Amino acid sequence: MFLYARHWKIVVVFCLAITLLAGCTGEDKSELPPLPKDGSGTIRILFGNEEQFMSEYGNAFHVKYPEIEFEILPTRELFKSLGKDGDYYQNFIEFIKNKQLDVVMLAQSDYEHLASVGILYPIESLIKDEKYPIDDFHPGVIDLLREKGGNTLYGVAAQFQSSALFYNAELFKEYGVDPPRHKMSVQEMLELAEQFPSKSNSDKDRTYGFHSEYMSPSQMLLLLAEMSNLQIVDPTADKIVMDSEAWKSIFVSYAELVKEKKTNLIKSNDDMRPGQGFAQGNVAMTIGNSYMIAQIENAHRYSQDGEKKKGFEWGMVTVPVDPANPDESPMVQLGSIFAIPKDSLNKNAAWEFVKFSAGPEMARINGRASSKLTTRTKYQQEIAGKSPEAFTLLKPGSNARALYKTLSKNKVSDEFFSAFHNKLDESIMAVADGKKSPEQAYEQLLPELQKQLDIDKNKREDKKAEK
């Protein structure tokens, strides 16, 4: 296995060398000064760790620019500098300046904030002057980066994260249920799950219509709400806004599945290990990312009880969407956004790396990897012999993590969020235990959540008064 992986990397680097060396003599102009004649330079970059960086980007980059050196500052150094208290972004900005970073790899939310406070260097004119190709990026990627940059482009994304709705084609055929399709609503997915009877009293042998894998009931409900573009609090975090037909429909439908044991129930003390869910073959549907594919393929090779499992026919479609915005999803988010701090002393070398990181050459490499999704999706190859369309059909949603942004913006405490999860879990458990109907649980939940939010609001106001 390791020998094969090593051979694959050698082939990729050899092919890449031919491609790059054939095209590195361009005459495009740029507002940045050119590299020294010997092509030398140094880039200080914030990344996970040096070994990972060189494996994913550095070695391939050195084929084209062998004289440019990297100084990798592991992200653990950033986190060490943040401390438990203080402003996260202020500390982040100070870290960038103190370490004189030339390139930073950012999550979508970090990119948005750093761009808004003028820390990043705009690259729109560089792209225009050098005719850097951006037309073949996944639909919505460049638009979203511009939107998050205040209508200016400050970075490019090499990869994106996406999830899909996986389904067991054999179970759908056995029970005579029409298989899921692209762009269903959350409610439609839950109604499909309802059609699978739970024949066994044993959790091990039961057929589930839907499986939450590692998620508790509260986590699952929040995921369903996020895919439906539903919020739990208003923009000022003063009021619980779950008293809607859309919220009630999702809560009741999900609680019914739990009550009828057509979906699994994860408790806080459960030992949930990989391979206990969809990959075992007795689950109709689940939501997962591309790593789910490896779990499915390995489940029949490495079983928990020592018995060899039989593989099964499976498929995947897009995650459920908000019918009002059927072409995008908050489950599709940009990752590995590389940007240049405006105070970088090596902008020329940094720009060469940034445009390479998300360029066609790297896209060809990332497109071959089953665990990665390249933002230039025309280079994305089949995954386990299946079309990647379920991952690539939807655009990134501009409202990703909207719930958490609202809570953070209004400085809602972690205590509230913890209480919120506990109340949701308790409500679903009351339905599972037959103590309440789904409708009763929902109606009684809302005032309890509002009470918790009021407590938190009063604490926030007291802190403001103290200042």
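Note that the numbering runs from 1 along the sequence shown for the chain. Computed from a prediction, not measured in an experiment: that's the story for all the values here.
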Q: Find out whether I428 and F251 are in side-chain contact, i.e. whether some heavy atom of one side chain is under 4.5 Å from a heavy atom of the other.
A: yes
Q: Is the backbone N or O of E389 less than 3.5 Å from a side-chain atom of S387, with the two atoms forming a donor-acceptor pair by type?
A: yes
Q: Less than 4.5 Å apart, any side-chain heavy atom of L394 and any of K183?
A: yes
Q: Under the side-chain hydrogen bond (donor to acceptor under 3.5 Å, both in side chains) rule, what pairs show up with a residue in residues 165-177, not counting sequence neighbours?
A: none
Q: Does the side chain of T392 reach to within under 4.5 Å of the side chain of S162, using non-hydrogen atoms?
A: no
Q: Is any NZ, NE, NH1 or NH2 atom of the basic residue among R376 and D136 found under 4.0 Å from an Asp or Glu carboxylate oxygen of the other?
A: yes
Q: Determine whether a donor-acceptor pair (N or O, by modelled atom type, separation under 3.5 Å) exists between the side chain of K386 and the backbone of W314.
A: yes
Q: Which distance, rounded to the nearest 0.5 Å, do you find between the CE of M189 and the OH of Y254?
A: 10.0 Å
Q: For K248, is there an ion pair with E443 - N to carboxylate O distance below 4.0 angstrom?
A: yes
Q: Report the distance from atom CG of L221 to atom CG of L445, rounding to the nearest 0.5 Å.
A: 9.0 Å
Q: Can you confirm whether more than 12 heavy atoms, excluding those of E51, are under 6.0 Å from its CD atom?
A: no
Q: Quick one: CG on L453 to CD1 on I232, what's the gap to the nearest 0.5 Å?
A: 8.0 Å
Q: Between K355 and E130, does at least one N-O distance fall below 4.0 Å, as a salt bridge requires?
A: yes
Q: Could you tell me whether a side-chain N or O of S344 sits under 3.5 Å from a main-chain N or O of P341, the two making a donor and an acceptor?
A: no
Q: Looking at G397 and E328, what are the two nearest heavy atoms and their distance?
A: CA-OE2, 4.0 Å
Q: Answer with yes or no whether the side chains of H211 and T286 bring together a donor and an acceptor at under 3.5 Å.
A: no
Q: How far apart are the closest heavy atoms of I287 and V319, and which atoms are they?
A: CG2-CG1, 4.2 Å
Q: Using atom types as modelled and distance alone, determine if a side-chain donor or acceptor of N264 lies under 3.5 Å from a backbone N or O of S212.
A: yes
Q: Looking at the rings of F70 and F353, which for Trp means the six-membered one, are their centres under 6.0 Å apart?
A: yes
Q: Please report the shortest heavy-atom distance between V431 and S437, naming the atom on each side.
A: CG2-O, 3.9 Å
Q: I need the minimum non-hydrogen distance between T263 and F210, along with the two atoms involved.
A: OG1-O, 2.9 Å
Q: Test of understanding: with salt bridge (charged side-chain N to carboxylate O under 4.0 Å, His left out), list the residues that count as partners of E188, not counting sequence neighbours.
A: R181
Q: Can you tell me how far CZ of F79 sits from CZ of F92, rounded to the nearest 0.5 angstrom?
A: 8.0 Å
Q: Do F278 and F312 have their ring centres less than 6.0 Å from each other?
A: yes
Q: Strictly distance-based, threshold 3.5 Å: is any side-chain N or O of D102 a donor or acceptor partner for the main-chain N or O of A350?
A: no
Q: Look up atom NZ in K342 and atom CD1 in I96, then write down how far apart they are to the nearest 0.5 Å.
A: 11.5 Å
Q: Is there a donor-acceptor contact under 3.5 Å from the side chain of N49 to the main chain of P74?
A: no
Q: Minimum heavy-atom separation for Y442 to D243, with atom names?
A: OH-CA, 3.4 Å
Q: At their closest point, which heavy atom of V241 faces which heavy atom of Q231, and how far apart are they?
A: CG2-O, 3.7 Å
Q: Quick check: are there more than 12 heavy atoms from other residues, nucleotides or ligands sitting under 6.0 Å from NZ of K128?
A: no
Q: Determine whether the side chains of Q380 and H138 contain a donor N or O and an acceptor N or O closer than 3.5 Å.
A: no
Q: Do the ring centers of Y57 and F61 come within less than 6.0 Å of each other?
A: no
Q: Quick check: does any side chain N or O of K262 sit under 3.5 Å from a backbone N or O of A193, one acting as donor and the other as acceptor?
A: no
Q: Output the distance between atom OH (Y154) and atom NZ (K148), rounded to the nearest 0.5 Å.
A: 15.0 Å
Q: Does any part of the side chain of Y89, heavy atoms only, come nearer than 4.5 Å to the side chain of V117, both counted from C-beta?
A: no
